[in-house]
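Working notes, beginning with the structure itself.
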Amino acid sequence: MITLKLHNTMTKAKAAFEPTDPKRVTMYVCGPTVYSRPHIGNARPALVFDVLFRLLRHLYGEEHVVYARNITDIDDKINAASQESGRSISDITKEMADIYRSDMAELGVLPPTHEPHATAHISEIIAMIKTLINSGNAYEADGHVLFNVPGFDDYGNLSHRNRHDLIAGARVDVAPYKKDPADFVLWKPSTEDLPGWESPWGRGRPGWHIECSAMIEKHLGKTIDIHGGGHDLIFPHHENEIAQSRCSHGGVDLARVWMHNGFLTMDKDKMSKSIGNIVTVHELTKTHSGETIRFAMLSAHYRQPLDWSEELLAQAKKTLDRMYGTLENLSEIALPAGAEPSEAFIAALSDDVNTPKALAELSALCKAANTATSDVERAKLKGHLATSGALLGLLQNDPSAWLKGDGNDDQEIDALVEARKIARANKDFTESDRIRDDLTARGITLEDGADGTKWRRGL
RNA sequence: GGCCGAGUGGCAGAGUGGUGAUGCAGCGGACUGCAAAUCCGUGUACGUCGGUUCGAUUCCGGCCUCGGCCUCCA
């Protein structure tokens, strides 16, 4: 088996991945806070870790990989959205979670094994906070429960900074009830108009960080194999998760490998709701297929920044068209039984999920298929293409349907192509070229081949 | 101020201490009635200044530029 190598934020190095138990490989990725539609930047971790999920299932077997991606449905931003719109919190969170799921499905993202909701884990959260108080790692103050950061020596190991740096850079007023400026909230009081649950510390709600620790423990265990998320979650979110989980689990590691995806930018600026330079998945899917968006996203390595643009999407579409063109030319060839991705393709993906390299291998397979002379060879390559594509969540559509695209004038086009065929048979090239020019003007491209004329939408 | 990361050919984007991935675009050719698609060929790319080395885009150091985190954020 090819060795899977992953880059670990904790060690800042790539290393061979070794799960605790190959029969139960565990991965957790921080999911969305459901208060608005996801933008394309939010989709990057979902997509990146979806590819890793597919790769892990390929390497270890489908039934041996457990992947959890949470839904944060209790958060002050949600409360604010509710007060602003007048809609109930549950209305908003339910709608936005549904939209998130359907948007991700549109991008070919597989549902994770578990999709835990924070509000369904309040008792686990309270239990973990109790443990932390009992062990002296947390304290109650002014209706809040806070984590005692100075009591955890390894705080800052993931983000590679120490508490002194943090204090030096602190830009925010420190709440008076904090013993140390770095202490963070585990539980906070709720007023009557805010969602809240009864707890030993009064009616309140959990802080953001504790929910992930509690849900990981419940669904995956104390030490998981892979923890992923966006680069901006390294500090403080993941640092805090580590502190909470390790202190309530006798010090064992929370995750063996920490992976973080880089950001999507728009004109080089980070795409974010606060800046307002966002483009939602919903908007994008009106003009681009989910597969085109997916291809564009995977065209850069997950740790690199990626500048999102229409040009990027146009290039992705063009390359996909080319690959589907190759597959269409293989449509007569039967898919061989037991087909597997090519070795070079798996090697590329196994090198820290190097999707650009994997995509290059897909191109190489296409070229080989286009030049292959024997049907045996072509069948083998078709098998590689189909299964390699599947690992990336690409090339699973019917090639002919993909190339023809969506339209309601297929029959009319077919008729014109037929008329042109007759004109060509009569060597009436003036007429045949006129028909082709008309079709070109409508955005239809014709391809005359040995076995007749094919057409596709797009120039 | 502290901590991260990035600067590759017209564009996107991998990678490597020594035969210039891959895709798009361009140019030449084959094929075609002409095209399209496909195929073949075609590029003196690695921010800058030093250092190490027989040899650096790749290692080390300085500098410049850009981005991110330090507050909610994928």
Side-chain angles (χ1 to χ4, degrees), chain A residues 9 12 29-33 35 38-49 75-77 80 156 159-162 164-173 182 184 208 228-237 239 260-265 268-275 278 295-296 298-307 309 311-323 325-326 328-329 348 351 354-364 366-367 369-371 403 424 427-430 432-433 436-437 439-440 444-450 453-456 459:
Chain A
T9 306
K12 293 197 271 189
V29 172
C30 292
T33 299
Y35 67 103
H39 60 69
I40 189 65
N42 298 127
R44 171 117 101 149
L47 249 157
V48 161
F49 291 105
D75 183 274
D76 287 354
K77 285 195 293 293
S159 52
H160 305 105
R161 52 186 97 186
N162 60 50
H164 302 293
D165 295 340
L166 296 174
I167 293 162
R171 285 191 214 154
V172 173
D173 293 338
F184 55 90
W208 175 39
H231 199 260
D232 56 347
L233 298 183
I234 296 172
F235 189 90
H237 185 56
E239 203 72 76
H260 294 94
N261 63 273
F263 281 104
L264 237 52
T265 56
K268 304 296 180 190
D269 280 331
K270 174 184 172 182
M271 186 186 291
S272 77
K273 287 173 187 171
S274 45
I275 298 176
I278 63 165
F295 191 104
L298 298 180
S299 68
H301 184 82
Y302 79 91
R303 282 191 284 122
Q304 297 301 118
L306 175 60
D307 202 46
S309 66
E311 291 72 43
L312 181 73
L313 286 161
Q315 198 163 297
K317 171 70 162 64
K318 197 133 192 172
T319 309
L320 270 173
D321 283 351
R322 182 172 187 275
M323 291 179 174
T326 297
E328 189 180 33
N329 288 334
D351 183 12
N354 193 331
T355 53
K357 210 171 172 186
L359 254 17
E361 176 57 21
L362 237 38
S363 281
C366 285
K367 178 162 283 189
N370 289 336
T371 50
L403 292 169
R424 291 182 73 214
K427 306 261 187 232
D428 184 355
F429 296 120
T430 311
S432 72
D433 287 353
R436 185 171 63 195
D437 289 345
L439 285 167
T440 301
I444 308 296
T445 301
L446 298 189
E447 291 172 23
D448 296 327
T453 298
K454 291 172 185 164
W455 62 266
R456 60 186 162 85
L459 300 175

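Fair warning: this is a prediction, and the values are worked out from it, not measured in the lab. Labels below follow one simple rule: chain letters A, B, ... track the order of the sequence lines, proteins then strands, and each chain is numbered from 1.
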Next on the checklist: Over all strands shown, is G262(A) touching base, sugar-phosphate only, or nothing at heavy-atom distances under 4.0 angstrom?
Outcome noted: base
Checklist entry - Which of the following nucleotides, A14(B), C40(B), A74(B), is nearest to the side chain of A300(A)? => result A14(B)
Item to check | Euclidean distance for P, G15(B) against U22(B) (whole angstrom) | outcome: 15 Å
Item to check | Watson-Crick or G-U wobble partner of C34(B), both distances under 3.5 Å | outcome: none
Next on the checklist: Would you say R322(A) places a side-chain N or O within less than 4.0 Å of OP1 or OP2 belonging to U38(B)?
Outcome noted: yes
Checklist entry - K270(A) near the nucleic acid: base, sugar-phosphate alone, or nothing, with a heavy-atom cut-off under 4.0 Å? => result base
Checklist outcome for this item: Heavy-atom nearest pair, L298(A) first then T355(A), reads O-OG1, 2.7 Å
Next on the checklist: For G5(B), does the base pair up with any side-chain atom of R303(A) as donor and acceptor (N or O, under 3.5 Å, distance only)?
Outcome noted: no
Item to check | Nucleotide opposite G5(B) in a Watson-Crick or G-U pair, distances under 3.5 Å | outcome: C66(B)
Next on the checklist: Under 4.0 Å, counting only non-hydrogen atoms across every strand here, what does E361(A) touch: a base, just sugar-phosphate, or nothing?
Outcome noted: nothing
Checklist entry - Contact class for N370(A) vs. all strands (heavy atom < 4.0 Å): base, sugar-phosphate, or nothing? => result sugar-phosphate
Checklist outcome for this item: From NE2 of H237(A) across to P of G68(B) the rounded distance in Å is 21 Å
Next on the checklist: Expressed as a whole number of angstroms, how long is the span from D437(A):CG to A36(B):P?
Outcome noted: 12 Å
Checklist outcome for this item: Of G41(A) and D448(A), the one whose nearest nucleotide on RNA chain B sits closer to the 5' end is D448(A)
Checklist entry - With both distances under 3.5 angstrom, what nucleotide forms a Watson-Crick or G-U wobble pair with U58(B)? => result none
Checklist entry - What are the two closest heavy atoms between A300(A) and P356(A), and how far apart are they? => result C-CG, 3.5 Å
Checklist entry - How would you label the contact of L306(A) with the nucleic acid (heavy atoms, under 4.0 Å): base, sugar-phosphate, or nothing? => result sugar-phosphate
Checklist entry - At under 4.0 Å between heavy atoms, what does K367(A) touch on the DNA or RNA strands: base, sugar-phosphate, or nothing? => result sugar-phosphate
Next on the checklist: Distance check needed: A36(B) P versus E447(A) CD, whole Å only.
Outcome noted: 11 Å
Next on the checklist: In whole Å, measure the gap between the P atoms of G7(B) and U48(B) for me.
Outcome noted: 13 Å
Checklist entry - Please give, in whole Å, the distance from A12(B) P to L298(A) CG? => result 18 Å
Next on the checklist: Using atom C1' in both nucleotides, what's the gap between C39(B) and C49(B) to the nearest angstrom?
Outcome noted: 46 Å
Next on the checklist: Measuring from the side chain of P356(A) (C-beta onward, heavy atoms only), which nucleotide among G23(B), A14(B), G68(B) has the closest atom?
Outcome noted: A14(B)
Next on the checklist: Using a 4.0 Å heavy-atom cut-off, does H260(A) contact any base of the nucleic acid, only the sugar-phosphate backbone, or nothing at all?
Outcome noted: nothing
Item to check | Closest to side chain of T445(A), choosing from G13(B), A36(B), A74(B) | outcome: A36(B)
Checklist entry - Closest to the T33(A) side chain: G68(B), A14(B), A74(B)? => result A74(B)
Checklist entry - How long is the line joining NZ of K12(A) and P of G68(B), in whole Å? => result 20 Å
Checklist outcome for this item: Rounded to whole Å, NZ of K317(A) lies from P of C11(B) at a distance of 25 Å
Checklist outcome for this item: Shortest non-hydrogen pair, L359(A) vs M323(A), comes out as O-CE, 4.0 Å
Next on the checklist: Taking A14(B) as the reference, what is the distance to U71(B) when you measure between their P atoms (whole Å, please)?
Outcome noted: 30 Å
Next on the checklist: Tell me whether R161(A) forms a cation-pi arrangement with F235(A), defined as NZ or CZ under 6.0 Å from the six-membered ring centre and within 45 degrees of its axis.
Outcome noted: yes
Item to check | Min side-chain heavy-atom separation L439(A)-D437(A) under 4.5 Å | outcome: no
Checklist entry - Which nucleotide, G23(B), A14(B), C24(B), lies nearest any side-chain atom of K318(A)? => result C24(B)
Next on the checklist: Salt bridge check, K270(A) against D232(A): does any charged N sit closer than 4.0 Å to a carboxylate O?
Outcome noted: yes
Checklist entry - Do K317(A) and D321(A) meet the salt-bridge criterion of a basic N to acidic O distance under 4.0 Å? => result yes
Item to check | Residue Q304(A), side-chain heavy atoms: nucleotide from A21(B), C70(B), A14(B) that is nearest | outcome: A14(B)
Checklist outcome for this item: Scanning both residues in full, the closest heavy-atom pair of L233(A) with C30(A) reads CD1-CB, 3.6 Å
Item to check | Whole-Å distance separating the CG atom of L446(A) from the C1' atom of U32(B) | outcome: 14 Å
Checklist entry - Watson-Crick or G-U wobble partner for U53(B), using a 3.5 Å limit on both distances? => result none
Next on the checklist: At 4.0 Å (heavy atoms only), tell me whether K427(A) reaches a base, stays on the sugar-phosphate, or touches nothing.
Outcome noted: nothing
Item to check | Base G33(B) to side chain D433(A), donor-acceptor N/O within 3.5 Å cut-off | outcome: yes
Next on the checklist: If the threshold is 4.0 Å, N to carboxylate O, is there a salt bridge linking R456(A) and E328(A)?
Outcome noted: no
Next on the checklist: With rounding to the closest Å, how many angstrom separate the P atoms on A6(B) and G62(B)?
Outcome noted: 16 Å
Checklist entry - What interatomic distance, in whole Å, is found between C1' of C46(B) and the corresponding atom of C72(B)? => result 38 Å
Item to check | Residue T371(A), side-chain atoms from C-beta onward, closest of C39(B), A74(B), U22(B) | outcome: C39(B)
Item to check | U53(B) and G67(B), which share atom name C1', separated by this distance in whole Å | outcome: 33 Å
Checklist entry - Side chain of Q315(A): nearest nucleotide among C34(B), A74(B), C11(B)? => result C11(B)
Checklist entry - Where the side chain of R161(A) is defined as all heavy atoms beyond and including C-beta, which of G2(B), G23(B), A74(B) is the nearest nucleotide? => result G2(B)
Checklist entry - In the structure shown, which nucleotide is the Watson-Crick or G-U wobble counterpart of G43(B), with both distances under 3.5 Å? => result none
Checklist entry - By centroid distance (under 5.5 Å) and plane angle (under 30°), are F263(A) and A74(B) in a stacked arrangement? => result no
Next on the checklist: Work out how far the P atom of G43(B) is from that of G23(B), and round it to whole angstrom.
Outcome noted: 15 Å
Checklist entry - At under 4.0 Å between heavy atoms, what does S432(A) touch on the DNA or RNA strands: base, sugar-phosphate, or nothing? => result base
Checklist entry - Does I234(A) or P45(A) map to a spot on RNA chain B nearer the 5' end, using the closest nucleotide for each? => result I234(A)
Next on the checklist: Distance criterion of 3.5 Å, no angle test: do you see the side chain of R436(A) paired donor-to-acceptor with the base of A35(B)?
Outcome noted: yes
Next on the checklist: Any base atoms under 4.0 Å from L312(A), or only sugar-phosphate, or nothing? Heavy atoms, all strands.
Outcome noted: sugar-phosphate
Checklist entry - Could you give the NE2-to-P distance, from H301(A) to A14(B), as a whole number of Å? => result 8 Å
Checklist entry - Between T33(A) and D75(A), do the side chains contain an N or O donor and an N or O acceptor separated by less than 3.5 Å? => result no
